[in-house]
Every structure is written in C-alpha cells, then in structure tokens.
Amino acid sequence: MPSKKNQAPTTPAPAADEPDGPPPPEPVPPVQVLYCAVCSYPPEYCEFGSSLTKCKEWIKETHPDLYEKYYSEDALTSKVGTLSLEAQAKLEKEAAKKEAKAEAKADAALKKKLASQVTIKRIERNKRKHVTSIHGLEAFGVDLKKAAKQFSSKFATGASVTKDVQGRDEIVVQGDVSYEIVEMIEAEAGVLKGIPPDKVDVVEEKKKKGGD
Amino acid sequence: MFKKFSPSADIAGQTPVKSSVQRAIRAAVLSQWKIEPETLEAIWPKKEGLVHVKCREHVSIYTVHGEPIIIQHFDGPYYPTLRLVHKYPYILPKVGVDRGAIRFLLAGAPMMCPGLTSKGGYLPPADAALPAGAPVVIHAEGKEHAVGIGVTKMGTEDMRRINKDVGVELITYLGDELWALKSL
Ligand SMILES: [Zn+2]
C-alpha cells in the first residue's frame, strides 16, 4: 500500500493536493498477481476452494517456493492467525468436505452426460403442419437460447426455449426440421458441438384422435 | 451482486459508450478512486471505446477490450472489479476481515461488524474514517491480495461503536460468477 490516506468517494480528490507532490508522469505498473491454474484464486486462497488437493499438486510442481511459503509446517501454524485452533480444525474439515462434494458433483455430471440423450420429436399439429421439439441439449453443455436462435435463423422460422409438461427445458421449432437438426448435430454446426450422434433419437408424435 | 451471474440470462445488451458520456465517467472515476490519470489512461486508454454491458436489476458493467473493469449499480458510485484491484490495490480505501470471516465472504455473505473490528480485522483509523456508502476493497487476515470489493453500510466509526449487524456489503468477491468471466 503506497499510502493509507484515502479520500471519501464523494469528495473530489484532485491529485495535486496530495502531500507527496505532483503525481508521477508515468503510469503505475500493475501488480502481477499469480492465479492458481486449478481453482483460479490467488494461491493463498486455494485452501478455501473446493480443490485443495489438486491445487497443492499444481503449485508444488510449478512454484515450489510458493508451496513452501503456503504449506510448510511454519506457514500452517502462523496462518491460523487470530483464529482459535478449534475453529481452524473446523475450517479444515469444511474444506475436505467441500472438496469431496465437488468431486462427487463432477462425477455425477460426467455420468449424467454419458447417460444423456437428445430427443428430437416431430409433433403433428394438424394434417400438414408440424413442430419439432428438442430435449436434452443442455446435458451436453449447449446454451439452449443460443441453439434456438441458431435454429430460427437457419430455418427462417420461429424457435423458442420453453418448458414441457414435465418441467424439462425444450426447444420448439416451427415446422418439421427433425432430420435437418440431426444433420446439424452431425456437422457440429455452431453451438451444437460435442454431441455424439449415437445419443440422438428421432421420434414421431402423431396427433391423438379426438384432439382439438 | 454477482453470486449468480450468467451472461446468457443476465446480460440485456452491450452498447459502446458515447464519448461525451465516457468523459463524464472518466472524470467521476478520477474523483472517486485514488488513481493517477495516467494510470487510468493505461487501464482504459482514451482512444479505446468503453463498452456498457447492461445487466438485469440496474447493474452495469463497463468493459475495455471485453475485460470488465468498472461496475455500477443504478447511478451509484463506480466500483473497480476485483481483478482490477488485484493489479492496482491502492485505488480504494481498505477494510479487512478476520480469518474466521473469510469462508462466509467467499459464500457471498455480507460482512458483519465483529469480523471487521476483531483483532484479525482492519478498519481505517479515526482520522481516515469512512462514511456509510463508501466503496472499499476487502482484504483478509494473513492474505496479501484482496478478497472482495464492497460498500460500507455504516460509517467505520459506527462499526467500532455499534459492533453488530452488517458492516460491509459485498459488490463482487473472489469466486463469484463475475470472477469466473475474464471477458464479456
Ligand atoms: Zn487453487
């Protein structure tokens, strides 16, 4: 901190009023802060993240001096600061719990992705009119709003993100474009990237008799 | 403010800022932050256009080359982003929280007075006391770099005297969903 003399934000602070004379003509160079490649925090905050084990591995490998600084026996005892030992133990337990939780979540996300399916449904509105609904794109990390926009400009037709009866997100495109969408997925067009074609199902929903 | 923030849902639009408005913002930032004009010029060169990213609930983010540098709520004070403060730590007055408060802060909770007035905390001395509503950078006990940007909910002398309730509300903090976005 070069100076503790801070001005209240409402009062204008002409720099020339500073007691240490006129400001230097050169801009002050920025502080270069190292960020952890694992959790994105400055490494001193890794202990509060949800990937401490991996963070430690990374810093030990890439910045051994900092590893010493943050995780040596001395550092561990001094950083406790004004916190009671009991509170520190609790904090460490929390961190371990958080880490386990994050790992379980990542696992579940991967499993979900593997088990996920994209369903493209051709729905008959009346004799000659259809709409196409698409389910499950979000499981593959596709932004539904962007996908809908892409469909609507590609097919020059209406496409919107809505929720179906079960409350799942779906994209509804006006017209029968089911096979065109399959082709787009195979070609990984625009935002439709990383969806294995064998996870894509095309089904047809006939209009039930006696409907409106 | 940015505990939950997703560009697709929370950004209403991006527009380049008119140069007359840019001049007004530059003047306001120079008066509100403790920053030299030439340093601000290095961060946000006059030739470069500032882009106004309009978000829900009257939150504005201003970017240079896509990088968020300024945050504003309604027509309130201008706050630097946390990444900007890491580069220029002296531009806002500082407060500090004790180690026990860090994990609450990282969960997005407002900072209660005891976490600021305890031995591990830090408030400016009486002759540099801050009023309510002042933008501050939040440091943490034993840590070199700031952990968040906040705004005082009461004067710092009142925090000492009353020593309960919320002392500093968070604007943005390490690990929130704005932190995750290096560019918009
Ligand atoms: Zn880390």
Side-chain angles (χ1 to χ4, degrees), chain A residues 1-16 18 22-36 39-50 69-70 75 78-84 86-88 90-91 94-95 98 143-147 149 161 191, chain B residues 6-9 27-28 30-43 77-78 83-94 98-100 102-103 105-106 118-121 124-125 127-131 133-136 140-147 151 174-175 179-180 182:
Chain A
M1 234 29 41
S3 163
K4 286 230 162 77
K5 197 175 179 305
N6 276 305
Q7 305 265 351
T10 43
T11 44
E18 287 295 308
E26 286 298 304
V28 176
V31 178
Q32 302 288 343
V33 182
L34 173 76
Y35 294 121
C36 170
C39 69
S40 85
Y41 293 1
E44 56 181 352
Y45 287 102
C46 286
E47 54 169 334
F48 291 100
S50 54
K69 183 172 166 194
Y70 296 134
S78 70
K79 81 170 179 193
V80 174
T82 63
L83 207 60
S84 72
E86 203 178 315
Q88 176 62 20
K90 196 173 154 204
L91 205 118
E94 290 282 320
K98 216 163 147 191
D143 183 323
L144 295 186
K145 271 191 176 170
K146 284 188 186 149
K149 207 164 183 188
V161 181
V191 296
Chain B
S6 107
S8 59
L30 284 173
S31 76
Q32 292 174 16
W33 300 357
K34 189 179 171 345
I35 190 167
E36 312 76 18
E38 55 280 358
T39 306
L40 186 60
E41 170 72 25
I43 299 167
Y78 293 102
R83 283 183 197 274
L84 185 65
V85 160
H86 279 167
K87 289 184 195 153
Y88 302 96
Y90 55 89
I91 61 181
L92 287 184
K94 114 181 188 183
D98 62 25
R99 186 166 163 82
I102 299 176
R103 72 188 172 94
L105 194 157
L106 292 175
S118 74
K119 214 175 142 208
D127 62 2
L130 299 168
V136 287
E141 181 186 1
K143 305 294 183 199
E144 182 185 349
H145 302 293
V147 64
V151 55
L174 191 61
W179 173 259
K182 285 186 194 148

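Proteins get letters first, then strands, A, B, ... in listed order; numbering begins at 1 in each. In what follows, every heavy atom counts, from backbone to side chain, and hydrogens, waters and symmetry copies are set aside.
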Out of Glu94(A), Lys90(A), Lys146(A), return the one with the most heavy atom pairs under 4.5 angstrom to chain B. Glu94(A)
Hey, does the side chain of Glu36(B) reach the backbone of Val28(A) with a donor-acceptor pair shorter than 3.5 angstrom? no
In terms of relative ring orientation, are Phe48(A) and Tyr45(A) parallel, tilted or perpendicular, with 30° and 60° separating the classes? tilted
Glu144(B) versus chain A, heavy atoms under 4.5 Å apart: side chain, backbone, both or neither? both
Give, as side chain, backbone, both or neither, the part of Leu106(B) having an atom under 4.5 angstrom from any heavy atom of chain A. side chain
Whether the side chain of Glu141(B) engages the backbone of Asp98(B) through a donor-acceptor N/O pair (distance < 3.5 Å, no angle test) should be reported. no
Per the side chain to side chain donor-acceptor pair (under 3.5 Å) rule, which among Lys182(B), His86(B), Arg83(B) passes with Tyr35(A)? His86(B)
Would you mind checking which part of Ala140(B) comes under 4.5 Å of any heavy atom in chain A, side chain (CB onward), backbone (N, CA, C, O), both or neither? both
